Amino acid sequence: MLNRIIQLFPLWALMLSAIAYTTPEGFSQFKPAIIPLLSLIMLSMGLTLTLQDFSRVAKSLKAVVLGVSLQYLVMPLVAIGIVYALQLNTTLSIGMILVGCVAGGTASNVMCFLAKGDVALSISMTAISTLLGVVLTPFLVSLYAGQLVDIPVMAMMLNLIKIVLAPVLLGLAINMIFGKAVKTIQPILPLISMLAIIFIIAVIVALNKTQISLLGPIILLAVILHNSIGLLSGYWVARWCGCQERICRTIAFEVGLQNSGLAVALAMKFFAPGAALAGTLFSIWHNISGSILASIWCRRPPADDTPHSRVHNEQLSN
């Protein structure tokens, strides 16, 4: 029942966004709650991690390096390419670049499980890209958007430490010390994260009602292109590198599904509310596209999906 509710994330996001669009005054007042809610999501992620998730990196080094490299090479370049191709204004350009430069989203772990990918590898790659993003995201945003506006690199890095690194490490520490107690609440952590991101989306929709009515179609096109290219490049580059089918699916989700909630928070903190529009629409769209792709792959078990690997993935997802 709980998994079904979480799988319907795009529906809940669309419903609450529609309410926020028609009655923005009820949601816009919660703008100060965006960053605390994102920290709650990062804490929830930390509570699901163990040191094994990081030690596993050594066993799947090729896949991890490939996935994280594509994450921080392809997605920012695709974002800047779309910015120029669609001739987006400065505010929307900043938003797209932010989406391209953040780490992979935790939604990739759920989609990976549904698509019969390597869940353990997905969790490891999300954790690694999230930690690296504390340094790489400000650097890449400055590299690609520095010519548009002044980028407060150090201030952004410090905020990422507070918003991302500290909550994740705190969650990891709590899980290590109080593992048995944490295990009892782990099943509801994805639901908590989903509710938090849905509310963040609704607040941003309320704050950007006018811009959505004027610029919604063009930025939605940009988001769809960005997400689609990320999914395709993640899958096919992994195939060209000789990875197994399960690994290819995992890397596809890891590259194509961004931590758009973080992009929204950074946009609201350092730029104009309109810069959060790309992250808002990406949050909705990548869950729709990811769910569709996962449902297709779910009906096509990978050739390397042995009984042992299936049991292993099911244990990790429980």
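Quick note: numbers below take in every heavy atom, side chains included, and nothing from hydrogens, waters or symmetry partners. These figures come from a predicted structure and were not determined experimentally.
Note: Phe199 and Phe27 have tilted aromatic rings, judged against thresholds of 30 and 60 degrees for the angle between ring planes.
Contact detail for Cys248 and Arg239: the closest heavy-atom pair is SG-CD, 3.4 Å. Scanning both residues, Ile247 and Ala63, for their nearest heavy atoms gives CG2-CB, 3.7 Å. Gly279 and Val264 get closest at one heavy-atom pair: C-CG2, 3.6 Å. Shown here for Val99 and Gln258, the closest heavy-atom pair between the two residues is O-NE2, 2.7 Å. Contact record, Leu148 with Ser93: CD1-CB, 3.8 Å, taken as the closest heavy-atom pair.
No donor-acceptor distance shorter than 3.5 angstrom exists from the side chain of Asp118 to the backbone of Arg246, with no hydrogens or angles considered. A donor-acceptor contact shorter than 3.5 Å is absent between the side chain of Thr23 and the backbone of Ala20. Proximity of a side-chain donor or acceptor of Asn259 to a complementary backbone N or O of Ala103 within less than 3.5 Å is not detected. Between the Arg249 side chain and the Cys112 main chain, no donor and acceptor come within less than 3.5 Å of each other.
Annotation: Trp240 is not in aromatic contact with Tyr235 [ring centroid separation under 6.0 Å not met].
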Exercise for review: Please assess Glu254 against Thr126 for the test side chain to side chain donor-acceptor pair (under 3.5 Å), listing each intermediate value before the final yes or no.
Suggested key: CA-CA 7 Å; Glu254 205 61 36; Thr126 301; 2.6 Å; yes
Exercise for review: Test side chain to side chain contact (heavy atoms under 4.5 Å, CB included) on Thr50 and Met176 and set out the steps.
Suggested key: CA-CA 7 Å; Thr50 66; Met176 290 174 59; over 6 Å; no
Exercise for review: Could you please spell out the steps behind the side chain to side chain contact (heavy atoms under 4.5 Å, CB included) verdict for Phe271 and Thr91?
Suggested key: CA-CA 8 Å; Phe271 307 102; Thr91 300; over 6 Å; no
Exercise for review: Decide side chain to side chain contact (heavy atoms under 4.5 Å, CB included) for Met268 and Ile204; before the verdict, give the C-alpha distance in whole Å, the side-chain angles of both, and the deciding distance to 0.1 Å.
Suggested key: CA-CA 9 Å; Met268 297 299 297; Ile204 300 303; 3.7 Å; yes
Practice item. Check step by step if side chain to side chain contact (heavy atoms under 4.5 Å, CB included) holds for Met96 and Ile219. Key: CA-CA 9 Å; Met96 279 303 304; Ile219 196 64; 3.9 Å; yes
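Heavy atoms of other residues, nucleotides or ligands lying less than 6.0 angstrom from CD of Gln87 number 12 at most. Counting heavy atoms of neighbouring residues, nucleotides and ligands inside a 6.0 Å radius, atom CZ of Phe139 does not exceed 12 of them. More than 12 heavy atoms of other shown residues, nucleotides or ligands fall within 6.0 angstrom of atom NZ in Lys209.
Within the model, atoms CD1 of Ile174 and CG of Leu169 stand 11.0 Å from one another, a figure rounded to the nearest 0.5 Å. Note that CD1 of Ile82 is 5.0 Å distant from CD1 of Ile229, once rounded to the nearest 0.5 Å. With rounding to the nearest 0.5 Å, the separation of CD1 in Ile35 from CG in Leu40 is 14.0 Å.
The closest side-chain heavy-atom distance from Ile201 to Leu16 is not below 4.5 Å. Counting heavy atoms from C-beta outward, Leu66 and Val237 have side chains that approach closer than 4.5 Å. Counting heavy atoms from C-beta on, the side chains of Ile284 and Val223 never come closer than 4.5 Å. For the pair Val149 and Thr90, the minimum side-chain heavy-atom distance is below 4.5 Å. Annotation: side chain of Ser260 is not in contact with side chain of Val102 (no heavy-atom distance under 4.5 Å). At least one side-chain heavy atom of Leu231 sits less than 4.5 Å from a side-chain heavy atom of Ser289. Residues Ile151 and Tyr144 have side chains not in contact (no heavy-atom distance under 4.5 Å, counting atoms from C-beta outward). A 4.5 Å side-chain heavy-atom check between Phe253 and Ser122 finds every atom pair outside the cut-off.
Transitive grouping of hydrophobic side chains (ILVMFWY, heavy atoms separated by less than 4.5 Å) brings Leu140 and Tyr84 into a common cluster.
None of Leu257, Leu281, Val78 except one satisfies the side-chain contact (heavy atoms from CB on, under 4.5 Å) rule with Asn227; the exception is Leu257.
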